[in-house]
Trainee: 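Following this message is one structure expressed as structure tokens.
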Amino acid sequence: MVEKNSPIPIYIQIEEIIKQRIDLEEYRIGETIPSERELSLQFNVSRMTVRQAITNLVNSGLLYREKGKGTYVANPKLEQPLQGLTSFTEDMRARGLEPSSQVLRFEKITPPVDIARDLMISPEEEVFFVVRIRNADAQPMAIERTYIPVKIYPELDEQQLMGSLYALIETTSHQRIGNAIQQMEAAIVSKEDSKLLQIHQTAPVLIIKRTSYLSDGKPFELVRSTYRADRYKFTSEIKR
Ligand code: 16G
């Protein structure tokens, strides 16, 4: 199993073996893997080496640790394509997951100057400011902080935002969504968001800032979404 003479470091060989065992469902999602002690006996290597392999797999999101209980196999990350202007609701349904939202804030405000500029409105014009936790099968996946000019959809209310914003705009208000521009960056979760997303205070997150436009070119939302890095990976096709 472990080849001590191989040029491949032993901890990397162990990582690969653990990954294979997860693929073969020898170690199942949501269940513990054997302890460091057991694995070090199995592979005939030091506990330090096993720990290094496990730490790498925890950092890459394949495993997670629970204090005093053990190391568990994590749910596989969701693969989110970066092309295609889809909504959270559509993305989750396409995977057979049940989307739901908790609306933490819903208010009418006059926006900060930079937000007004991005939305191409004057800073005196009102916007809805909405904070939602987005869940898949009741598990928190992301937090969205959204600004929507009131004039885009003046009837918008808190209840409606438990469902899909894009569906409301397209179906109820009969406007067409055209395109969006987005930026992605990595960060460490804020204290507030770590509680909302139920992740550790030092966990990494992926932040996407999206400005979306109606087909006539008018911006209708500016969103800052904070995604759990242990639940998401983003993929894109690139051509040469
Ligand atoms: C996605 C969008 C967000 C949009 C939301 C609408 C990103 C980065 N964000 O989460 O901009 O507001 O979908 O979802 O993809 P809904 O129609 O389910 O409310």
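Just follow the structure's listing: the first ligand is 1, and inside any ligand the first atom is 1. When reading the values below, keep in mind they use all heavy atoms of this one structure, side chains included, and skip hydrogens, waters and symmetry mates.
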Trainee: Assess, by modelled atom type and distance only, whether the side chains of Q175 and S173 contain a donor and an acceptor separated by less than 3.5 Å.
Mentor: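 S173 and Q175 do have a side-chain donor-acceptor pair below 3.5 Å.
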
Trainee: Are R93 and E90 within salt-bridge range, i.e. N to O under 4.0 Å?
Mentor: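 Salt bridge flag = no for E90 with R93.
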
Trainee: With respect to F88, determine whether any N or O atom, backbone or side chain, lies less than 3.5 Å from an N or O atom of ligand 1.
Mentor: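 Between F88 and ligand 1, an N or O pair is found under 3.5 Å apart.
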
Trainee: Measure across Q13 and E3 and return the closest heavy-atom pair with its distance rounded to 0.1 Å.
Mentor: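 Between these two residues, the closest heavy atoms are OE1-N, 2.7 Å.
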
Trainee: Give the contacting part of Y227 toward ligand 1: side chain, backbone, both or neither, where contact means a heavy-atom distance below 4.0 Å.
Mentor: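 Within the 4.0 Å criterion, Y227 contacts ligand 1 through side-chain atoms alone.
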
Trainee: One residue to check: I208. Relative to ligand 1, which of side chain, backbone, both or neither has a non-hydrogen atom less than 4.0 Å away?
Mentor: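 Within the 4.0 Å criterion, I208 contacts ligand 1 through side-chain atoms alone.
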
Trainee: Measure from the ring center of Y213 to the ring center of F220 and say whether it is less than 6.0 Å.
Mentor: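 No.
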
Trainee: Any atoms of ligand 1 less than 4.0 Å from a non-hydrogen atom of T89? List them with their elements.
Mentor: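 Answer, ordered by atom number: 16 (P), 18 (O).
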
Trainee: What part of E144 sits under 4.0 Å from ligand 1 if we count only heavy atoms: the side chain, the backbone, both or neither?
Mentor: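 For E144, only side-chain atoms sit under 4.0 Å from ligand 1.
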
Trainee: With sequence neighbours left out, which residue pairs that include part of residues 195-211 fulfil the salt bridge (Lys or Arg N to Asp or Glu O under 4.0 Å) condition?
Mentor: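 As it turns out, the salt bridge (Lys or Arg N to Asp or Glu O under 4.0 Å) pairs with a partner in residues 195-211, which skip direct neighbours, are D118-K209.
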
Trainee: Which atoms of ligand 1 have any heavy atom of S225 under 4.0 Å away?
Mentor: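 That gives atoms 8 (C), 9 (N) of ligand 1.
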
Trainee: For atom 12 (O) of ligand 1, what's the nearest protein heavy atom and its distance?
Mentor: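 The protein heavy atom lying closest is E221 OE1, 2.7 Å.
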
Trainee: Polar-atom distance check: R134 versus ligand 1, any N or O pair below 3.5 Å?
Mentor: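 R134 vs ligand 1: N/O contact under 3.5 Å present.
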
Trainee: Distance only, no hydrogens: is a donor on one side chain within 3.5 Å (strictly under) of an acceptor on the other, for E221 and T146?
Mentor: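 No donor-acceptor contact under 3.5 Å links the two side chains.
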
Trainee: Ignoring angles and geometry beyond distance, decide whether Y166 reaches within less than 3.5 Å of ligand 1 through its nitrogen or oxygen atoms.
Mentor: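 Such a contact does occur with ligand 1.
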
Trainee: For G163 and ligand 1, answer yes if some heavy atom of the residue is under 4.0 Å from a ligand atom, otherwise no.
Mentor: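 G163: in contact with ligand 1 (<4.0 Å).
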
Trainee: Side chain, backbone, both or neither: which applies to R132 and ligand 1 if a contact is any heavy-atom pair less than 4.0 Å apart?
Mentor: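 Contact part for R132 vs ligand 1: side chain (C-beta onward).
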
Trainee: Would you say the side-chain atoms of R65 and T55 include a donor-acceptor pair closer than 3.5 Å?
Mentor: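 On atom types as modelled, these side chains qualify, holding a pair under 3.5 Å.
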
Trainee: Which residue supplies the protein heavy atom nearest to atom 15 (O) of ligand 1, what is that atom called, and how far is it?
Mentor: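 Going atom by atom, the protein heavy atom closest to atom 15 (O) of ligand 1 ends up being R210 NH2, 2.7 Å.
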
Trainee: Side chain, backbone, both or neither: which applies to L165 and ligand 1 if a contact is any heavy-atom pair less than 4.0 Å apart?
Mentor: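 Both backbone and side chain.
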
Trainee: Would you say the side-chain atoms of S101 and R134 include a donor-acceptor pair closer than 3.5 Å?
Mentor: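 Their side chains do contain a donor-acceptor pair, which is all the 3.5 Å distance test asks for.
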
Trainee: Count I, L, V, M, F, W, Y as connected when their side-chain heavy atoms are under 4.5 Å apart, and connections chain through other members. Are V45 and I54 then in the same cluster?
Mentor: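 V45 clusters together with I54.
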
Trainee: Give a yes/no verdict on whether any heavy atom in K209 is under 4.0 Å from an atom of ligand 1.
Mentor: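 Checking ligand 1 against K209, which is what was asked, there is no heavy-atom contact under 4.0 Å.
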
Trainee: If I apply the N/O under 3.5 Å rule, does Q182 come out as touching ligand 1?
Mentor: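 No; every N/O pair is 3.5 Å or more apart.
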
